[in-house]
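Report on the structure given below.
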Amino acid sequence: MAKVDLSTELCGVRLQNPTVLASGILGTSKGMLKAVALTGAGAVTIKSLSLEPLPGHNNPIVIGFEAGMLNAVGYANPGIKEGVKEFSNLKEVGVPVIASIIGRDVGDFMKVLEGLRGLDFAAVEVSLSCPHTPGYGMLAGQNTPEATKEIVSVVRKGTGLPLLVKLSPNIPEIGRVARAAEEAGADGITAVNTLGPGMLINIEARQPILDFKVGGVSGPALRPIALRCVYDIYKTVKIPILGVGGISTGRHAIEMLMAGAYAVGIGTAVYSRGIEVFGKVCQEMEEWMEANECTSVKELIGSAHAP
Amino acid sequence: MAKVDLSTELCGVRLQNPTVLASGILGTSKGMLKAVALTGAGAVTIKSLSLEPLPGHNNPIVIGFEAGMLNAVGYANPGIKEGVKEFSNLKEVGVPVIASIIGRDVGDFMKVLEGLRGLDFAAVEVSLSCPHTPGYGMLAGQNTPEATKEIVSVVRKGTGLPLLVKLSPNIPEIGRVARAAEEAGADGITAVNTLGPGMLINIEARQPILDFKVGGVSGPALRPIALRCVYDIYKTVKIPILGVGGISTGRHAIEMLMAGAYAVGIGTAVYSRGIEVFGKVCQEMEEWMEANECTSVKELIGSAHAP
Amino acid sequence: MHLEPVMMKIEEVILESNRARSFIFKKSLEYQPGQFIMLWIPRLDEKPFSISYHGKDFFGVTVALKGRFTQRLHGMKVGEWVGIRGPFGRAFNLGACPEPQGCRACVVGGGVGMASLAVLIEKLENSVVVQGARTTSELLYCNRFKDMLLCTEDGSAGTKGVPTDLLEDLYRHYKFDAIYTCGPEAMMVKVSEFAREYNIYMQASLERYIKCAVGVCGQCCCNGLRLCVEGPVLEGGTLEKLEDFGRYARLGNGCKVPIGTYLGKKT
Amino acid sequence: MHLEPVMMKIEEVILESNRARSFIFKKSLEYQPGQFIMLWIPRLDEKPFSISYHGKDFFGVTVALKGRFTQRLHGMKVGEWVGIRGPFGRAFNLGACPEPQGCRACVVGGGVGMASLAVLIEKLENSVVVQGARTTSELLYCNRFKDMLLCTEDGSAGTKGVPTDLLEDLYRHYKFDAIYTCGPEAMMVKVSEFAREYNIYMQASLERYIKCAVGVCGQCCCNGLRLCVEGPVLEGGTLEKLEDFGRYARLGNGCKVPIGTYLGKKT
Ligand SMILES: Cc1cc2nc3c(=O)[nH]c(=O)nc-3n(C[C@H](O)[C@H](O)[C@H](O)COP(=O)(O)OP(=O)(O)OC[C@H]3O[C@@H](n4cnc5c(N)ncnc54)[C@H](O)[C@@H]3O)c2cc1C
Ligand SMILES: Cc1cc2nc3c(=O)[nH]c(=O)nc-3n(C[C@H](O)[C@H](O)[C@H](O)COP(=O)(O)OP(=O)(O)OC[C@H]3O[C@@H](n4cnc5c(N)ncnc54)[C@H](O)[C@@H]3O)c2cc1C
Ligand SMILES: Cc1cc2nc3c(=O)[nH]c(=O)nc-3n(C[C@H](O)[C@H](O)[C@H](O)COP(=O)(O)O)c2cc1C
Ligand SMILES: Cc1cc2nc3c(=O)[nH]c(=O)nc-3n(C[C@H](O)[C@H](O)[C@H](O)COP(=O)(O)O)c2cc1C
Ligand code: FES
Ligand code: FES
């Protein structure tokens, strides 16, 4: 497999391969980050941290269905104070670690960034796009071009690390939101967060299954939407894109790169293919690239944008 | 199966059972409508008609993927003049036939409605929500609350038939759009049209597969989103809802009724389960209702809205 | 079956006639004679074609020059790539006639309709084949099917006239149990009338405008039937009741027009 | 396995002790001893419980009174419905000890930890069982496992003290090849130390806060392990290296706290 080079770069961060653990999947502890890195991920993202601890929603918070998964975790997290303890000495993880952060307002974001100072994160990901947590993301209107510009332009000053802004797929004109982030100083775009929200009902109980009733859609159902979002964003902005949504195979990852992503996030596939999904996807990419005389990831990025 | 009564009513139109052929699937000719009615549909909707003939997009216009289907038919249709010939003597179809119509502006809609006069349609469905046809629906901004109100209030005057307004799932605040339609005089809401748009790329060709590049997502991927939309709309408006999106089994249909639908549209499942899907879904509904001591559809409608 | 187009390399191009070329792909494909595939040229269009060559590890299509798409295809060379989706549709019913073993069948092809019949002919142990064309230069597979009977409208090869003129004599001579046909719809109408008169089992492969090929868009419908699912091969009994047969077809925008207009019309 | 909650009717309620009740469901369920299910009370919450009764066409859970959820559950009567998702997680390894057949195992249970061991005990041909509880009224399954050894902290039944006090004597007497344990983590730590010292194969079923139960949310993680997937049953060898074992656990919001705090804390 030596002939193929899977390494890539995302906002100046060098990755051994393009697979990245998406935020909120297993990223609750350094121990889990290590475990995921060992299975072959090129980088890992922590579960989003807020200023104060958040209990999250009651169970069920996750429910699988025939086309993917619904989740309403509700940003359960121990808050920045605990987070700082948890994520010390990140060098141990062995791959770049991205800090995902959330806030109700710029004040929150700035305080969280302050907390992160001195830790070994490789980049910061500002999530403005959760569809199921009151006071945050979509439910706080943070996913409009205007709000995005306002938040990012301030947050930008709060960190010297590469700054990724994570967008929602629920905005048809996502390109405009991406441009707003770029103009406000973002170094990259993470596209996308979960879709919807959606709902599933247990007909015997005559109740929505998720305790919060609705949750964000991820997995296969999200894949074509995420691809279109990345394709549109690639046309609108110059900064690199971390493509996330429904990726579970090497073919999916290559498709996302061709749409314009520099690296690919993987979340729900941890459920469908196990925690080893990162290594599997990398091997499948290598096999396809060899069979198709493609030697580097660079050749793939954006290659579906016909001249 | 005698004990169970599957009949329902939608804006004053009586249906033998709640399954309705969704617009754009097979509804191109009276012959196909008959064929679908024979397989057990409670009502059928014609492929949307516009004022002038539309060629639609080049092939591929439809592509299946692991979680559903992408389509960019582009409203190919022979226009109202041909349509009038095609859809004469609709009594032959044997079940109520709903006329789906589209337009670039209210003028279009009014002329199309004029053309329909004297034909035996049971209701009119105004589609303001196609995500992949320039000049129509989403791509003409018809899916905002404001545009919806403006169009519906005029169109309302153009027909004496029950008027359904078909909405897009791409608007998180879909409840507001539904209310706008209700206030403008709509008799019912059809929720939802396809999602997205989305994209799929053939990585060997390095090209989007659909010739139009993007298309609307339907089938399983859409199901939880459609359920949430219907659930929200049911909370916001009093007029009945035709719930459409990802339904392929009796359980799915019952789930949609519990979310608040009075009847359920079926489209993509014609592909996954065959044209006989309508009869199959009805039988599965009957079996469940018998097993759960539920004797009428009325008992199911909106029953997931806990007091 | 491929639900998404699979890119395949053109391994060989065969000049079949002055209007038709075959394109061979070295891939195995599950296929029954009578089915069709969708051939995709990215950023141009995707169109239906029958499979005219089929073996364990290869298959091919024979394409007649019509308009924009077939012109581009005819311009393609060995080594270039196209997408293949399918195969789709209902195949010819081989076990149809009374005693399948000794069953003798008659195959009637007209023009490029021969393409849909070629693999069928190879599968039938025992058949008599008639091909009709306008003139010699448009005849197909003459070397492939040595004892095929020919007729040309200008008499430049074989009998002067159309294949249906021969049916009566052929039947008296061969007493075949089944007729399979594909070609100009007018010809297929004649064949079906003949089969009905002599009460012979008959199947014809029809042509209508195909888009989705998976039975959802309704474009290909012929009265209540979807040509891409319930067809393209239909039985004589079905054709009898099919009002559109020999009369109407739909253009790409769904307009129902006389079959002649349809075939002529550039879309 | 049920990935979505399946509503099931409570067919029987058994009062096991003054703090614990069992709820029986007449449904068959694929299950291995040590696995757990998620029990859903719509519009309240969904929590993990071990299966403590299991037969061809029924299963049951034994629930100790803790807080909001278990209180509501204890209030439920025969005929009421709850949702069941699962079973999930890694089971006890029965074929683990040297000679499976004649293998003698020791099962050490504390408090409601007995619930996770009950079906295991029924499956082991040949085992010695010790249960510990604070006092007689909290002992479980005394009639179900007649020759189970008992100890209570207040001496009101069986030996006065905790099960681990007996291990040494038991081992001298029975020379068992494996130890399975579930109960207060402090007790399981002692058991694992004992097993290590005497080099006996050992497995313990741990408790951590479970949410998704399918290995995505990361809530249940214990250092690098997901208790809901790689656990809840872990081997002695794994436990040795598990820094959190006996020390730390995470609350529902992910805060890492001393195990004592975790067990006490209402969430
Ligand atoms: C089931 C089936 C099998 C076929 N098999 C063969 C074959 O083996 N060899 C062959 O040469 N041709 C075959 N055809 C016809 C072939 O699809 C058309 O000739 C081709 O699409 C012409 O495209 P064009 O752009 O070159 O011509 P255009 O200028 O686009 O059209 C010329 C004529 O071709 C027909 N046509 C155009 N588009 C379509 C379409 N999407 N579906 C059906 N007909 C269309 C119409 O009659 C039209 O009038 C088959 C058609 C069907 C339905
Ligand atoms: C794999 C596993 C198997 C279990 N099997 C059983 C059993 O067979 N019988 C039984 O009585 N109990 C069992 N438990 C513990 C049971 O889940 C808790 O006692 C129950 O959730 C308490 O909920 P509550 O609202 O009544 O109490 P709360 O007031 O919410 O909490 C009381 C204590 O219960 C624990 N707890 C609360 N929520 C959870 C949760 N979601 N996941 C794990 N622990 C939690 C915490 O230690 C908490 O301090 C098991 C736990 C796990 C992880
Ligand atoms: C259980 C779960 C929890 C998630 N939590 C977060 C989160 O805390 N922050 C965030 O930005 N995205 C979160 N996401 C979204 C994922 O990071 C990802 O954007 C989305 O799931 C699409 O990728 P996938 O289809 O590969 O899962 C979560 C997703 C899931 C399924
Ligand atoms: C091939 C195809 C064509 C469609 N054409 C139309 C249309 O012309 N007008 C319309 O209002 N909706 C159209 N739709 C949307 C469907 O009516 C339906 O709202 C959507 O597909 C969701 O339902 P489903 O998941 O059951 O397919 C089309 C959908 C498909 C798949
Ligand atoms: S081509 Fe779409 S239904 Fe046949
Ligand atoms: S409970 Fe979610 S990962 Fe274990």
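Protein chains get the first letters and strands the later ones, always in sequence-line order, with residue 1 at the start of each. In this text, all values refer to a predicted model and were calculated from it rather than measured experimentally.
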Heavy-atom proximity to chain B below 4.5 Å, by part of C/Pro42:
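Only the side chain of C/Pro42 comes within 4.5 Å of chain B.
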Which heavy atom of [X] sits nearest a heavy atom of [Y], and at what distance?
X	Y	result
B/Met32	C/Gly224	SD-O, 3.4 Å
B/Pro53	C/Asn253	CB-ND2, 3.9 Å
B/Pro208	C/Trp40	O-CZ2, 3.7 Å
C/Glu4	B/Ile63	CG-CD1, 3.4 Å
B/Asp211	C/Asp45	OD1-N, 4.5 Å
C/Cys255	B/Glu82	SG-CG, 3.7 Å

Out of [options], which one racks up the most heavy-atom pairs below 4.5 Å with chain C?
options	result
B/Lys30, B/Lys213, B/Met69, B/Glu86	B/Glu86
B/Ala76, B/Gly64, B/Pro60	B/Pro60
B/Leu38, B/Leu200, B/Ile61, B/Val36	B/Ile61

Is any side-chain heavy atom of C/Leu251 closer than 4.5 Å to a side-chain heavy atom of B/Pro78?
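A side-chain contact under 4.5 Å is absent here.
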Determine whether C/Lys256 and B/Ser29 make a side-chain contact, defined as any pair of heavy atoms from C-beta on separated by less than 4.5 Å.
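No; the side chains remain at least 4.5 Å from each other.
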Residue B/Ile25 versus chain C: region with a heavy atom under 4.5 Å:
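Both parts, backbone and side chain.
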Here's a test for you: under side chain to side chain contact (heavy atoms under 4.5 Å, CB included), which of B/Gln207, B/Glu204, B/Arg206 qualifies with C/Met7?
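That would be B/Glu204.
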Side chain to side chain contact (heavy atoms under 4.5 Å, CB included) partner of C/Lys211, the single match among B/Val62, B/Val73, B/Asn59
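Going through the options one by one, the only one that passes is B/Asn59.
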Is the number of heavy atoms from other residues, nucleotides or ligands within 6.0 Å of [atom1] ([X]) greater than 12?
X	atom1	result
C/Tyr31	OH	yes
B/Gln16	CD	no
C/Asp57	CG	yes
C/Gln71	CD	yes

Is a side-chain donor or acceptor of B/Asn58 paired with a backbone partner of C/Leu44 at a separation under 3.5 angstrom?
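Answer holds: yes.
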Has the side chain of C/Asn223 got a donor or acceptor atom that lies under 3.5 Å from a matching backbone atom of B/Gly31?
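Side chain of C/Asn223 to backbone of B/Gly31: no pair is present.
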Quick check on the interface: out of C/Met38, C/Glu243, C/Arg43, C/Glu46, who has the most heavy-atom pairs with chain B under 4.5 Å?
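Greatest number of close heavy-atom pairs with chain B: C/Glu46.
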Heavy-atom pairs under 4.5 Å with chain B - which of C/Cys221, C/Ala213, C/Gly83 has more of them than the others?
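Option with the top pair count is C/Cys221.
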Just do the side chain to side chain contact (heavy atoms under 4.5 Å, CB included) check on B/Leu26 and C/Arg226 with the steps written out, would you?
CA-CA 9 Å; B/Leu26 301 181; C/Arg226 296 167 296 177; 3.4 Å; yes
